[in-house]
Amino acid sequence: MSTAIAGKMTDGATQAPLGLQRKIGWTGAFWVASGVPAFLLFTIGGVAATVGKASWLVWTVSITFVFIQSFTYAEIAGLFPGKSGGASIHSAIAWIRYVRLLAPVSVWCNWFSWSVVLSMGAGLGAGYVLNLFFASDAAINSWQIVLVDLGAIKEGMTLRINATFLVGAALLLACFAIQRGGILRSARVTMVLGVAALVPLILIGLVPLLTGDLPRSNFVPLVPLAHDAAGHATDGSWDKAGWLMIFGALFAAAWSTHGFETATCYTREFKDPKRDTFKAIFYSGLLCLGVFILVPLAFQGSLGLEGMLAPGIYSGMGVGKAMAGMIGGGMVVETVITVLLILALMLSIMTAMSGAARTSYQGAVEGWFPRYLSHVNAAGAPTRSMWTDLGINLVLLLMSDYLFLLAATNVAYVFFTFLHLNSGWIHRLDRSHWERAYRAPNIVFAVGVALSFVNIALIGLGAQVWGANTLYAGIVVVLMGIPVFLFRHYVQDKGKYPEAMVDDMQLGDEEGVSSRAGVLPYVALGAAALIVLLGHLYATS
């Protein structure tokens, strides 16, 4: 299980190979991944506006599913202590023996889905910064230069330059400057941000639970949201329309709750990967389990249905005011909370930039992404991958509708999680004699595989809730990975895989590795395609 570490740096007349550096323990990865709970800020309003009083149930079900799945993730990651990039790289090694194109597509789906967090986090953070210093009706908040009308994709969507873009770009550059110093510096900064911002925000969010201020009327009747003839929100029922709203909310929530799998991205940088890998994802999972269950519960208990449906909660801009109201604070408290929210969003950007850059770096090492991405600097940071993420997200930051972007990329992300969970049993069959630093209990492992098909069903049943073209846009995102791989493989590598990659992927008949899975991977893929098709037909009929 060797690993090719690419990247060179010129120092005068000499060239020294550089690679990622083993500088952190599991706590370092825990803090780098601690930005995942802040993903609640992106989707808590959208989920509430979709299902109303059933919001807390959606979040509880979603994070419980992912926590169960994480034990499979931990087992797979432990097989490859020499690889960075996390789950998509580990699943690619399983699938490449059966459907070689799925290996780069899996990595692409994971990378692109994580990369867009940068633009969404920066956009939301920029909104908080502008609200902090300017009145909502100030000219700086209203001017914009429209570059492209994207109404054909979704009504009202454009690419535009405005104050949000400029401030958001500054936030992205600040995170980049911190992370180019390597994983150890990133871990230290995220620890400071986590303690200074995330911990206080979580405590504030839990105040209604601690005080018992949770009116029963804010939770019952436990039914999905509906709208009357005048368009006003009302209690719905568990009919087809209600269930489709639940599926749509679970689909959107998955984008946030699945995020702590990023803790496995740093295996190559752990001092003791056999011990640190499981601990990193397990304790990151426990943090997310608590936050994604308790904070939505507290928000719903405090705000009630009307409060959750407020435009400021949907956009995220009103979260600071809502949290200040939870503890009876005024303008000063709201200002302090807004500053904490900005820092929390910086933490989420740091988390996404770290994970996405290492995924594209390892993808380049393996021969799937363009070769230039396999470069690291003297501090062991994959700077070219980071620059690429930055450039792409500056373009995405121009978009006027982040929630549509989230939903479209989530199609690719959920597809990746399906591939990853099913790679677990492929690895068990094909690499049955390999040493496993951690082995998931069989019952938990089996439930994880079953949940992979539940997840894939959410694409067909739930994506259309976020726009008629969401599923199709998501499929386009998935397919975009194919030309990227074809360029690397046939233009740069002339149709040959890198020699080290062939060894690492065990493409031949190496000792201890064989294609025992037979036709089962194809059966799983066929079943997934059928489930998505039937779900979409049912949802749109």
Side-chain angles (χ1 to χ4, degrees), residues 61-77 85-114 247-248 250-262 264 359 407-430 440 444-463 470-471 474-482 517 519-536 539:
V61 169
S62 184
I63 190 60
T64 301
F65 280 3
V66 183
F67 188 70
I68 293 171
Q69 294 166 193
S70 69
F71 290 89
T72 301
Y73 299 164
E75 175 178 322
I76 299 171
S88 59
I89 301 295
H90 306 147
S91 62
I93 298 173
W95 284 100
I96 198 170
R97 295 178 68 86
Y98 300 92
V99 186
R100 295 197 176 185
L101 199 58
L102 276 183
V105 167
S106 172
V107 178
W108 167 268
C109 289
N110 184 226
W111 169 77
F112 193 86
S113 302
W114 267 101
F247 294 143
L250 283 169
F251 172 76
W255 185 89
S256 296
T257 56
H258 279 72
F260 70 87
E261 51 88 7
T262 191
T264 64
T359 297
T409 57
N410 198 39
V411 173
Y413 191 50
V414 173
F415 176 60
F416 145 72
T417 62
F418 171 83
L419 294 177
H420 187 45
L421 285 166
N422 283 275
S423 74
W425 56 263
I426 296 176
H427 281 307
R428 281 199 176 185
L429 291 173
D430 289 358
V444 176
F445 189 87
V447 172
V449 174
L451 289 176
S452 74
F453 290 92
V454 174
N455 293 337
I456 208 74
L458 294 177
I459 294 179
L461 292 167
T470 302
L471 176 60
I475 292 173
V476 170
V477 171
V478 173
L479 296 178
M480 283 167 55
I482 295 177
V519 300
L520 292 178
Y522 308 105
V523 173
L525 289 173
L530 183 61
I531 288 170
V532 172
L533 176 61
L534 293 178
H536 182 64

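Residue indices begin at 1 and follow the sequence shown. Because the structure is a prediction, the values reported are computed rather than measured.
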Colleague: Is a side-chain donor or acceptor of His536 paired with a backbone partner of Val532 at a separation under 3.5 angstrom?
Modeller: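 Between the backbone of Val532 and the side chain of His536 there is no qualifying donor-acceptor contact (under 3.5 Å).
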Colleague: With the side chain counted from C-beta on, respond yes when Phe71 and Glu75 share a heavy-atom pair under 4.5 Å apart, and no when they do not.
Modeller: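 In short, these two side chains do not touch, never coming nearer than 4.5 Å.
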Colleague: Within the structure provided, determine whether Phe415 and Val105 are in side-chain contact (heavy-atom separation under 4.5 Å).
Modeller: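 Phe415 vs Val105: side chains touch.
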Colleague: Does anything in residues 521-534 pair up under side chain to side chain donor-acceptor pair (under 3.5 Å), and if so which pairs, sequence neighbours excluded?
Modeller: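 Sorted result for residues 521-534: empty, none.
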Colleague: Enter the distance from Phe251:CZ to Leu458:CG here, rounded to the nearest 0.5 Å.
Modeller: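 Nearest 0.5 Å value for the CZ-CG distance: 8.0 Å.
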Colleague: Measuring only between side-chain heavy atoms, which start at C-beta, is Phe112 closer than 4.5 Å to Tyr413?
Modeller: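 Side-chain contact under 4.5 Å: no.
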Colleague: Kindly indicate, with the supporting measurements, whether the criterion side-chain contact (heavy atoms from CB on, under 4.5 Å) is fulfilled by Tyr98 and Leu525.
Modeller: CA-CA 11 Å; Tyr98 300 92; Leu525 289 173; over 6 Å; no
Colleague: Between Gly460 and Ala539, which heavy-atom pair has the shortest distance, and what is it?
Modeller: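 Minimum heavy-atom separation between Gly460 and Ala539: O-CB, 3.9 Å.
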Colleague: Any chance you could lay out the side-chain contact (heavy atoms from CB on, under 4.5 Å) test for Leu520 and Trp425, step after step, and finish with the verdict?
Modeller: CA-CA 10 Å; Leu520 292 178; Trp425 56 263; 3.6 Å; yes
Colleague: Side-chain contact test, heavy atoms from C-beta onward, threshold under 4.5 Å: evaluate it for Ile76 versus Ser91 and give yes or no.
Modeller: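 They are not in side-chain contact.
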Colleague: Has His427 got a side-chain atom pairing as donor or acceptor with His90's backbone, closer than 3.5 angstrom?
Modeller: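 Side chain of His427 to backbone of His90, a donor-acceptor pair under 3.5 Å: yes, one is there.
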Colleague: Quick one: pull up SG in Cys109 and CE in Met480 and give me the separation to the nearest 0.5 Å.
Modeller: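 Cys109 SG to Met480 CE: 10.0 Å, rounded to 0.5 Å.
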Colleague: Are side-chain heavy atoms of Leu250 and Phe65 found at a separation under 4.5 Å?
Modeller: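 Contact flag for Leu250/Phe65 side chains = no.
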Colleague: Below 4.5 Å, heavy atoms only, C-beta onward: do Leu102 and Ile96 meet side chain to side chain?
Modeller: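 Of all side-chain heavy-atom pairs linking Ile96 with Leu102, none is under 4.5 Å.
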Colleague: Could you pull out every donor-acceptor pair under 3.5 Å between side chains of residues 448-456 and any protein atom, sequence neighbours left out?
Modeller:
residue : atom : partner : partner atom : Å
Ser452  : OG   : Asn422  : ND2          : 3.0
Ser452  : OG   : Val449  : O            : 2.5
Asn455  : ND2  : Gln69   : OE1          : 3.0
Asn455  : ND2  : Leu451  : O            : 3.3

Colleague: Are any of the side-chain heavy atoms of Val411 and Val477 separated by less than 4.5 Å?
Modeller: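 Val411 vs Val477: side chains apart.
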Colleague: Between Glu261 and Asn110, does a side-chain contact (heavy atoms from CB on, under 4.5 Å) hold up when you go through it step by step?
Modeller: CA-CA 11 Å; Glu261 51 88 7; Asn110 184 226; 3.4 Å; yes
Colleague: Grab the two heavy atoms, one from Thr257 and one from Ser62, that are nearest each other, plus how far apart they are.
Modeller: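 Closest pair (atom of Thr257, atom of Ser62, distance): OG1-OG, 2.8 Å.
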Colleague: Could you label the plane-to-plane angle of the Trp108 and Trp111 rings as parallel, tilted or perpendicular, counting under 30° as parallel and over 60° as perpendicular?
Modeller: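 Geometry flag for Trp111 against Trp108: tilted rings.
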Colleague: Ala92 and Val107: which non-hydrogen atoms are nearest, and at how many Å?
Modeller: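 Ala92 and Val107 have their closest heavy atoms at CB-CG2, 4.2 Å.
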Colleague: Specify the closest pair of heavy atoms between Ala517 and Pro521, including all atoms of both residues, with the distance to one decimal.
Modeller: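 Answer, listing the atom of Ala517 first, then Pro521: O-CD, 3.6 Å.
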Colleague: Is there a donor-acceptor pair closer than 3.5 Å between any side-chain N or O of Ser113 and the backbone N or O of Thr409?
Modeller: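 Present.
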Colleague: Report the distance from atom CZ of Phe67 to atom NE2 of His258, rounding to the nearest 0.5 Å.
Modeller: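 Going from the CZ atom of Phe67 to the NE2 atom of His258 covers 14.0 Å.
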Colleague: Is it true that a side-chain atom of Trp95 and a backbone atom of Leu419 form a donor plus acceptor pair closer than 3.5 Å?
Modeller: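 Flag set: sc Trp95 to bb Leu419 pair under 3.5 Å.
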